[in-house]
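The structure appears below as structure tokens.
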Amino acid sequence: MAGRERYPGTGALPALVAHSVKRATDAGAIEAISTECEYVEDQGVCFVVRRVSNLARKAVARRLQRQRERSAKRPENPFLPYDERLFVCNLSPTHLCLLNKFNVVDHHLLVVTREFREQREPLGEADFEALAFCLEAIDGLGFYNAGREAGASQRHKHLQLVSLPLAPEGPAVPLEPRLASQAADGPGVADLPFRHAFVRLPSARPEALEGGYRGLLERLQVDAAAQPYNLLATRRWMLLVPRSRERFQTISVNTLGFAGSLLVRNGRELERVREVGPMRILREVGQPRTETARG
């Protein structure tokens, strides 16, 4: 256990993740959700829509968790204590890195606070220090589901990181081409049908991430302690999207939806995405953008 006291250098993180994935897979700790990738073009964006082959295991696990919570008359926390088999490394005195047990994409990481903090709590300096460490080591997409309406399934505060690209074909982040025309200085908005704000980052250092986050909250006048939102961050840019609800009909949408990656449970939901269009789905679960509310 003494090794748990050390913090790795950023250069060591990719190898640690690969080793941890193999160890957890061999131990049966990871229950990967297999999917098939489909592509849906909408308003010039090629959305990747992952159709799940089998979500039964995750549904059963969630149902059992709810049953235990009712019996104990208190919420269950899968991060306290966390499953030792999913441990990757300590990131800082305040955060550690775990593997996502029910991953849809490979090497899906969770950046978790050591002590319990509410998922609806605003992000702070320590959160961005941990996220910056991961982004420096891995060219990925960091994201945060702020509240249940934004797609959070657990109350314990955690950010997430997935490696890029998000899909075998197309841009690394499908929505990124729509953001590419933004000015290099200051928060801005792109030609998208939902309220959002976007900023280019001078670096992925903690102070740049935190400064970008606070600027986006201010532009959109979002109270991070009370309002649900999704935050996306790469080494190059950051996007913040206020939320109104977690689902469009039966289709659940988390932060990855606003990167251009949706998850559906069956062929019926896939056809609904094709019929309605991903952009309308994002508009419905976000907040409609109007001429009088340009942010």
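Everything numeric in this text was worked out from a predicted model, so none of it was measured.
- Other residues, nucleotides and ligands place more than 12 heavy atoms under 6.0 Å from the CZ atom of R236.
- Taken together through direct or relayed side-chain contacts under 4.5 Å among Ile, Leu, Val, Met, Phe, Trp and Tyr, V285 and V48 form parts of separate hydrophobic clusters.
- Residues satisfying the side-chain hydrogen bond (donor to acceptor under 3.5 Å, both in side chains) criterion with S252, sequence neighbours excluded, are E246.
- Every residue two or more places apart in sequence or in another chain that forms a ring pair (Phe, Tyr, Trp, His ring centres under 6.0 Å) with F128 is listed here: Y213.
- Summarising the geometry of A233 relative to L209, their closest heavy-atom pair is CB-CD2, 4.4 Å, with the distance given to 0.1 Å.
- For R214, the side-chain contact (heavy atoms from CB on, under 4.5 Å) test picks out E210, with sequence neighbours left out.
- With sequence neighbours excluded, the residues satisfying side-chain hydrogen bond (donor to acceptor under 3.5 Å, both in side chains) with D26 are K22.
- When all heavy atoms of R235 and L201 are compared, the closest pair comes out as O-CB, 4.3 Å.
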**OP:** Go through the steps for N230 and R243 under the test side-chain hydrogen bond (donor to acceptor under 3.5 Å, both in side chains), then give the verdict.
**Re:** CA-CA 7 Å; N230 292 127; R243 291 292 295 269; 2.6 Å; yes

Atom pairs and distances, donor-acceptor, side-chain atoms in residues 271-281, under 3.5 Å, two or more places apart:
unit_1	atom_1	unit_2	atom_2	d
R272	NE	Q249	OE1	2.9
R272	NH1	E275	OE1	3.1
R274	NH2	E38	OE1	3.4

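- The distance from atom OH of Y229 to atom CG of L220, rounded to the nearest 0.5 Å, is 11.5 Å.
- Classification of D127 and R117 as a salt-bridged pair fails, no side-chain N sitting under 4.0 Å from a carboxylate O.
- Under the ring pair (Phe, Tyr, Trp, His ring centres under 6.0 Å) criterion, F258 pairs with F194, sequence neighbours left out.
- By the side-chain hydrogen bond (donor to acceptor under 3.5 Å, both in side chains) test, S244 pairs with no residue at all, sequence neighbours left out.
- For CD of E121, the number of neighbouring non-hydrogen atoms (other residues, nucleotides, ligands) closer than 6.0 Å is greater than 12.
- Legend: residues meeting ring pair (Phe, Tyr, Trp, His ring centres under 6.0 Å) with H156, ordered by chain and number and at least two apart, are F79, F116.
- A 4.5 Å side-chain heavy-atom check between L179 and L192 finds at least one atom pair inside the cut-off.
- For N103, the side-chain hydrogen bond (donor to acceptor under 3.5 Å, both in side chains) criterion is met by no residue, not counting sequence neighbours.
- Across L96, L16, L110, a single residue satisfies side chain to side chain contact (heavy atoms under 4.5 Å, CB included) together with V88, and that is L16.
- For A24, the side-chain contact (heavy atoms from CB on, under 4.5 Å) test picks out A29, I30, L86, L99, with sequence neighbours left out.
- To the nearest 0.5 Å, atoms CG (L240) and NE2 (H196) are separated by 10.5 Å.
- Using a 4.0 Å cut-off between charged nitrogen and carboxylate oxygen, R245 and E284 count as a salt-bridge pair.
- Heavy atoms only, all atoms of each residue included: I251 and L263 are closest at CG2-O, 4.1 Å.
- Inter-residue side-chain proximity for L175 and L232 is flagged as unmet; no heavy-atom pair is nearer than 4.5 Å.
- Interatomic distance, CZ of F87 versus OH of Y82, reported as 4.5 Å (0.5 Å rounding).
- Pairs passing the ring pair (Phe, Tyr, Trp, His ring centres under 6.0 Å) check and including a residue from residues 10-41, sequence neighbours excluded, do not occur.
- Contact annotation: the side chain of L98 never approaches that of H158 to less than 4.5 Å [non-hydrogen atoms, C-beta and beyond].
- Taking the side chain as every heavy atom from C-beta outward, E125 and P206 never approach each other to under 4.5 Å.
- Contact annotation: the side chain of L123 approaches that of K157 to within less than 4.5 Å [non-hydrogen atoms, C-beta and beyond].
- Taking the salt bridge (Lys or Arg N to Asp or Glu O under 4.0 Å) definition, one finds that E41 meets it with nothing, sequence neighbours left out.
- Rounded to the nearest 0.5 angstrom, L91 CG and C134 SG are separated by 4.5 Å.
- Here S153 contributes atom OG and R148 contributes atom CZ; the two are 7.5 Å apart, rounded to the nearest 0.5 Å.
- Here the shortest heavy-atom pairing between A204 and A132 reads O-CB, 3.2 Å.
- The two residues V111 and H95 have their closest heavy-atom pair at CG1-CD2, 4.0 Å.
- Between the side chain of R114 and the main chain of P93, a donor-acceptor pair closer than 3.5 Å is present.
- When side chains are defined from C-beta on, R50 counts as touching V105, because their heavy atoms get closer than 4.5 Å.
- You'll find the side chain of L282 stays beyond 4.5 Å of the side chain of F248, heavy atoms only.
- Rounded to the nearest 0.5 Å, atoms CG (L141) and CG (L256) are 6.5 Å apart.
- Taking each heavy atom of Y144 and R120 in turn, the nearest pair found is OH-N, 4.3 Å.
- Of the charged side-chain nitrogens involved, at least one lies within less than 4.0 Å of a carboxylate oxygen, so that R205 and E207 count as a salt-bridged pair.
- Using a 4.5 Å heavy-atom threshold, the side chains of D106 and S163 count as separate.
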